[in-house]
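Following: one structure in structure tokens, then a few remarks.
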Amino acid sequence: MSETEQQSGGGKNQPLRAPRGTRDVISPEVERWQDVERAAHDTFGRYGFREMRTPIFEDSAVFEKGTIETLQSAQKEMYRFVDLGGHELTLRPEGTPPVIRAYVEHNLGHGKDLARFYYIGPMFRYERPQRGRYRQFHQIGVEVFGSESAALDAEVIDMAMTWLGDLGIRSLQLCVNSVGDHDDRPAYMEKLIEAQRSLLGEMSEDSRRRHEINPLRVFDSKDPQDQLLIEKFPTILDHLSPQNKAHFDEVCAYLSDWGIDYNIEPRLVRGLDYYRRTVFEVTSSALGAQNSLLGGGRYDGLVEQMGGDNIPGVGFAAGLERIVLALPEGAGAAPIDCYIVTVSPELIPQAMKVMRDLRSHGLCCTADFQDRSVKAQMKAANRSNAPIAVIFGPDELSKGVCTLKMMESGEQQEVSLEILVEDLHRIVHMADPGN
């Protein structure tokens, strides 16, 4: 079956399906996404970052000037189209170029101010779909413009580790490196290419292709055969200028001083051509072999390349899908505090008044409202994972009370409607002290 047939469902009478490489995010997974996004808003806000929302599609020139990898490779994966006005547009394959375009267009640095932004949104690349990697994927990223300081590099790394740590992701490992700049690379690249050429016959087919396009990308190979060869290649750390070495040493000194564990990985180069000096990556064993969660670095010169002034920048991007996969078990479950059960449909109006009061006091409650039996409603309450069922019957309501049933123990008790909010808060907090 062709990919077109797969996307359409395979025939006229087949149900419609999401296009290959895309997926629907539904409950309970979507609550895990919301947790990750809320943590990003909170953490980044505390570091002085402000959210930016750029268009999902841009003029194709935005990605030709600030392209992912090399233009030749990137064009094969970009979703490009011509609109009805004849404009050539591209669905954004990454977040940094659009943010730079907006930064330059709106003069957000005012020529000298340090500008801190973050973004959350979908990106698009025509890749082979696999676990945690899709053709429509989502990134959370940060960008800072206006300073070459090593302190800023360290602060961005610190913020990334704080965010991931607050999410409870286990086994985080931070790797850092410096890839120097245009002055360091010519002599290094000459030695790297020479070393790779001598071993081309032993490399994987993918690495031989990378060698022709961008020799640095060979370091990204996960092929065990390539890993043994990569250990023989020279590293950029041995070819840094004194200034760039001092910059990297200062970044590492900050991380050490703050108690942030890290490994210096001299073969970490990142996949994007525009990086300068500091690069870093965060991984987690919770993801298995494809363990990368987040990566970034410094990209001095990219703002000027995209039509702005010579403004330095540093940032990172994280794949939202991969972070959700790495979350601890149980994270993101939407807490329903109580489930409302009515003995007869005539009691629904009174029950809804009570529900509105409960919600106004911060309690999460829901109900069935399908004129089903009490037994069916209790089964729905059990499926909702609510710890408490609040049962409204005519006799109870005539006395101004309702019945609380503890779903786990089966224990029941009558509670006055006047103190229902107070009692529910007490029971919910006893069940979840962190609530």
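Bear in mind the structure is a predicted one, so any value in this text is a computation, not a measurement.
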Is it the case that more than 12 heavy atoms not belonging to [X] sit under 6.0 Å from its [atom1] atom?
{"X": "R356", "atom1": "CZ", "answer": "no"}
{"X": "D83", "atom1": "CG", "answer": "yes"}
{"X": "E194", "atom1": "CD", "answer": "no"}
{"X": "M352", "atom1": "CE", "answer": "no"}
{"X": "F57", "atom1": "CZ", "answer": "no"}
{"X": "E408", "atom1": "CD", "answer": "no"}
{"X": "E37", "atom1": "CD", "answer": "yes"}

May I ask you to decide whether [X] forms a salt bridge with [Y], counting only side-chain N to carboxylate O separations under 4.0 Å?
{"X": "R276", "Y": "E148", "result": "no"}
{"X": "R32", "Y": "D35", "result": "no"}
{"X": "K191", "Y": "D238", "result": "no"}

If the plane angle is over 60° it's perpendicular, under 30° parallel, otherwise tilted; pick one for Y188 and H239. tilted

How are the rings of F44 and F49 set relative to one another: parallel (under 30°), tilted (30 to 60°) or perpendicular (over 60°)? tilted

Shortest non-hydrogen contact between [X] and [Y], atoms and distance:
{"X": "P312", "Y": "R298", "value": "CB-NH1, 3.7 Å"}
{"X": "R50", "Y": "G45", "value": "NH1-O, 3.8 Å"}
{"X": "V30", "Y": "V25", "value": "CA-CG1, 3.8 Å"}
{"X": "I264", "Y": "C252", "value": "CD1-SG, 4.2 Å"}
{"X": "A102", "Y": "L108", "value": "O-CD1, 3.9 Å"}
{"X": "Y299", "Y": "V144", "value": "OH-N, 4.2 Å"}

Side chain to side chain contact (heavy atoms under 4.5 Å, CB included) between L89 and E58, worked out: CA-CA 6 Å; L89 304 172; E58 297 269 357; over 6 Å; no

Could you tell me whether the side chain of [X] and the main chain of [Y] form a donor-acceptor pair under 3.5 Å?
{"X": "S60", "Y": "E88", "answer": "yes"}
{"X": "N263", "Y": "L174", "answer": "no"}
{"X": "D368", "Y": "Q370", "answer": "yes"}
{"X": "R277", "Y": "G180", "answer": "no"}
{"X": "T22", "Y": "P19", "answer": "yes"}
{"X": "E321", "Y": "H138", "answer": "yes"}
{"X": "N177", "Y": "L268", "answer": "yes"}

Within the structure provided, determine whether [X] and [Y] are in side-chain contact (heavy-atom separation under 4.5 Å).
{"X": "V354", "Y": "I340", "value": "no"}
{"X": "V99", "Y": "F145", "value": "yes"}
{"X": "V390", "Y": "V415", "value": "no"}
{"X": "R116", "Y": "L152", "value": "yes"}
{"X": "D309", "Y": "V303", "value": "no"}
{"X": "C365", "Y": "R359", "value": "yes"}
{"X": "I323", "Y": "L164", "value": "yes"}
{"X": "R46", "Y": "T43", "value": "yes"}

Under the side chain to side chain contact (heavy atoms under 4.5 Å, CB included) rule, what do L91 and F81 come out as? Steps first, then yes or no, please. CA-CA 8 Å; L91 295 180; F81 63 98; 4.2 Å; yes

Spatial distance of atom [atom1] ([X]) from atom [atom2] ([Y]) [nearest 0.5 Å]:
{"X": "L424", "Y": "C364", "atom1": "CG", "atom2": "SG", "value": "12.0 Å"}
{"X": "R170", "Y": "S285", "atom1": "CZ", "atom2": "OG", "value": "4.5 Å"}
{"X": "Y118", "Y": "E51", "atom1": "OH", "atom2": "CD", "value": "4.5 Å"}
{"X": "E64", "Y": "M306", "atom1": "CD", "atom2": "CE", "value": "11.0 Å"}
{"X": "R92", "Y": "Y119", "atom1": "CZ", "atom2": "OH", "value": "8.5 Å"}
{"X": "L358", "Y": "H425", "atom1": "CG", "atom2": "NE2", "value": "8.5 Å"}

With side chain to side chain contact (heavy atoms under 4.5 Å, CB included) as the test, would you mind laying out the steps for L172 and L293 before giving the verdict? CA-CA 9 Å; L172 292 174; L293 283 176; 3.7 Å; yes

Give the intermediate values and the outcome of side chain to side chain donor-acceptor pair (under 3.5 Å) for residues T54 and R101. CA-CA 9 Å; T54 63; R101 190 268 308 150; 5.3 Å; no

When D181, T278, D183 are each screened for side-chain contact (heavy atoms from CB on, under 4.5 Å) with N244, the one that passes is D181

Applying side chain to side chain contact (heavy atoms under 4.5 Å, CB included), run through Y47 and V156 and close with a yes or a no. CA-CA 9 Å; Y47 280 73; V156 168; over 6 Å; no

Any side-chain donor-acceptor pair under 3.5 Å between E31 and S27? yes

